[in-house]
Amino acid sequence: MAAAESSELATALRQAREQHLAGAGSVLDVLLRMPGWTHERLAEALPRLAGVLVLKPGADARPDFGALSSDRAREWHCVILRAQLDSADVWVAAEDPWDEKLERRIARHLGRCPPMVAVRRDDMNRWLGAAAAATDAEGVEAAQVTTPAVEGPVVAFVDQALRAAYSGGASDVHFECDRAGVTAKHRLDGVMQRYARLDGAQRAVEVISRIKVMAQLDITERRLPQDGRLQVELAGQRVDVRVSIMPSVHGEDAVLRLLDKARLRQNEADVSLAALGFDAEAAQLIRDLALRPSGLFLVTGPTGSGKTTTVYATLAEIHDGLEKIITIEDPVEYELQGVLQIPVNERKGLTFARGLRSLLRHDPDRILVGEIRDAETAEIAVQSALTGHLVFTTVHANSVADVVARFRHFGLDMFGFMSALNGVIVQRLLRRLCPQCMQWREPTAAESRWLVGQGRGEVERVPVSIGCAHCHGSGFRGRSVLAEIHQIDDLWRDHVTGEQPLTQLRGMAQDRGVVPLSMLAAAQVADGQTTMEEVRRVVGW
């Protein structure tokens with residue numbers, strides 16, 4: 001029995017220390033939250049099996065800031081305790097009394113290492129706060145005391161990666177673990193860029209644990225994916241972060257998506273289709289579609305192509321306060337003044353389909369459905385559009401023909417779907433060259449043939465990215481939008497409901513004067529706005 005209890009305690013201690021390093025409280029706090037470990041059991045087991053005492057509730061132990069100054073106590077997260085001020089009995093109370101580095105510090109400072117005592121963080125904060133108050137009462141300039149934050153390379157690594165991502169305009173932060181440590185990368189303008197590296201396999205585990213604690217995820221679960229959310233303060237703004245944890249052969253990886261809901265709200269006057277890069281003709285076509293009294297307004301493209309931003313900019317332009325606009329999103333990425341925005345919460349049963357059914361009884365004029373992912377949501381969105389609402393939504397598809405194929409796959413009545421559909425915007429985002437360092441080169445034979453095929457004629461030179469201090473060495477600064485805008489009319493509806501092949505639908509789009517993405521991209525290359533390599537990556541040729 002003793003061996004089994006010792007093994008059980010050792011496992012619990014290892015997990016508790018990991019969670020303590022990740023910011024979950026003192027080691028004793030974490031142990032007390034574990035099933036089966038009561039204060040009484042720990043007070044009996046820790047001295048016997050782990051060599052550490054547990055302070056009894058209400059014990060008359062007093063901190064001695066003469067033996068260890070309050071400044072050093074705050075730095076080391078420990079205090080010297082005495083039963084009475086004149087007592088020779090001394091203990092060291094610490095949030096992690098098994099910290100060998102702390103033991104060595106205490107031994108050097110006192111000439112010996114007294115018995116260690118495990119305490120709760122609330123007790124530690126109370127003692128340190130009392131010391132600060134006493135110092136202040138004596139008229140000495142007191143150090144600012146807040147709830148002690150966990151310090152160290154792990155917390156600093158995560159914090160700095162988030163802050164640098166936000167200040168640099170990155171959309172995601174990736175923490176990728178391998179055998180030797182963890183690498184932080186930023187997704188900037190749609191492309192991954194390495195930010196920093198923290199060596200050590202144990203450090204990699206602690207980084208992921210830190211993120212799990214911040215997002216209130218299960219720190220002991222390492223074999224299944226987990227999703228969560230958290231809020232952090234970056235540059236004076238409260239920023240929502242969506243967290244995804246994924247198991248891998250080297251442990252776990254984490255991806256944190258930054259969702260600055262205040263960004264669009266603060267710059268609402270500047271948010272427009274023109275500001276996003278749409279030319280005047282394209283912006284007017286989109287407004288015409290968005291001002292129709294009912295129907296389905298669909299934006300499509302791959303992940304990260306700016307679909308949601310386009311929908312938000314369109315809503316911001318047409319919102320005049322005379323109509324009720326309701327959105328249901330997962331998550332709410334930006335805030336719009338005067339718009340009712342509902343976040344999806346699948347854990348509580350609030351799915352897109354259920355939320356959409358409910359909001360139809362809330363008397364909306366215009367509805368934004370963040371994304372159509374399944375047949376049930378698609379069916380309700382189409383029915384909403386057919387019954388007098390204008391529905392804005394997005395779907396993952398690569399072209400207008402793929403949109404038709406996607407909704408056919410959902411098993412919808414295509415006559416009803418096409419009757420509701422007003423228009424489809426197919427878009428991509430291309431990185432723009434940095435004007436400070438861009439240069440030119442001769443095109444290859446293959447590039448020349450492609451540009452000629454896109455109606456650009458003989459092109460003598462194409463731009464190339466170099467990289468400089470202004471663009472952080474990437475060669476690009478910002479992105480521009482490419483968009484095919486398809487207005488759906490009765491001829492379109494006849495072709496789709498007649499189950500014409502997708503190849504005919506693609507050809508019909510060009511016959512009706514819609515400029516394809518490839519030609520729009522070729523024009524940007526000829527104008528020196530982007531490179532052939534970027535076009536191949538985003539559009540293909």
Side-chain angles (χ1 to χ4, degrees), residues 225 227 244 289 294-311 327-331 344 346 349-357 359-360 367-387 389-429 482-512 514 516-518 538-540:
D227 296 309
S244 173
L289 291 172
S294 63
L296 195 61
F297 177 102
L298 193 61
V299 184
T300 188
T303 300
S305 59
K307 301 184 295 295
T308 302
T309 306
T310 296
V311 173
T327 76
I328 180 164
E329 307 165 69
D330 182 23
V344 165
E346 294 190 357
L350 180 55
T351 61
F352 273 116
R354 184 173 180 179
L356 187 51
R357 284 196 191 94
L359 69 82
L360 288 174
I367 301 168
L368 165 61
V369 181
E371 181 184 347
I372 290 182
R373 301 175 179 172
D374 52 60
E376 186 179 13
T377 305
E379 178 67 32
I380 301 170
V382 169
Q383 292 302 319
S384 302
L386 289 172
T387 53
H389 304 91
L390 184 62
V391 179
F392 298 80
T393 191
T394 69
V395 68
H396 287 290
N398 293 323
S399 67
V400 66
D402 291 341
V403 169
V404 173
R406 186 75 185 275
F407 279 83
R408 279 178 178 168
H409 178 73
F410 285 148
L412 297 186
D413 171 26
M414 295 307 294
F415 180 84
F417 167 63
M418 292 305 299
S419 297
L421 188 60
N422 290 338
V424 178
I425 301 171
V426 182
Q427 72 176 53
R428 302 288 190 278
L429 292 176
L482 303 180
E484 297 177 7
I485 303 172
H486 302 268
Q487 298 187 79
I488 305 301
D489 56 16
D490 289 342
L491 183 60
W492 259 105
R493 297 182 178 100
D494 288 343
H495 275 74
V496 173
T497 55
E499 297 188 357
Q500 296 293 327
L502 296 182
T503 53
Q504 292 190 18
L505 295 180
R506 293 188 180 98
M508 187 180 71
Q510 294 189 23
D511 293 342
R512 298 176 68 79
V514 177
L517 295 175
S518 58
V538 176
V539 179

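It should be emphasised that the depicted structure is a prediction, and the values quoted were computed from it without experimental measurement.
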Between Ser305 and Pro302, is there a donor-acceptor pair closer than 3.5 Å when you use the side chain of the first and the backbone of the second?
yes
For residues Ile425 and Phe297, determine if any side-chain heavy atom of one lies less than 4.5 Å from a side-chain heavy atom of the other.
yes
Is it the case that the side chain of Thr300 and the backbone of Val395 share a donor-acceptor pair, with hydrogens and angles ignored and the cut-off at 3.5 Å?
yes
Here the pair of heavy atoms bringing Ser294 nearest to Asn422 is O-ND2, 2.8 Å
Residues Phe352 and Thr377: closest non-hydrogen pair is CB-OG1, 3.6 Å
Can you name the nearest heavy-atom pair linking Asn398 to Val426, along with the distance?
O-CG1, 3.6 Å
Partner of Ile328 under side-chain contact (heavy atoms from CB on, under 4.5 Å), chosen from Thr351, Leu368, Leu359:
Leu359
Give me each pair satisfying salt bridge (charged side-chain N to carboxylate O under 4.0 Å, His left out) with a member in residues 401-426, each pair once, sequence neighbours excluded.
Asp402-Arg506
For Ala381 and Ile372 the tightest heavy-atom approach is CB-CD1, 4.1 Å
Residue pair His396 / Thr303: nearest heavy atoms and the distance that separates them
CE1-OG1, 3.2 Å
Between Thr393 and Leu296, is any pair of side-chain heavy atoms under 4.5 Å apart?
yes
For residues Arg357 and Glu376, determine if any side-chain heavy atom of one lies less than 4.5 Å from a side-chain heavy atom of the other.
yes
Using the six-membered ring wherever Trp is involved, compare the ring planes of Phe407 and Phe417 and label them parallel, tilted or perpendicular (cut-offs 30° and 60°).
parallel
As an exercise, state the distance from CG of Leu482 to CZ of Arg428, rounded to the nearest 0.5 Å.
9.0 Å
Side chains of Ile367 and Leu360: closer than 4.5 Å at any heavy-atom pair?
yes
Minimum side-chain heavy-atom gap Asp330-Arg373 below 4.5 Å
yes
Quick check against the 3.5 Å criterion: does Glu329 have a side-chain atom that pairs as donor or acceptor with the backbone of Gly370?
no
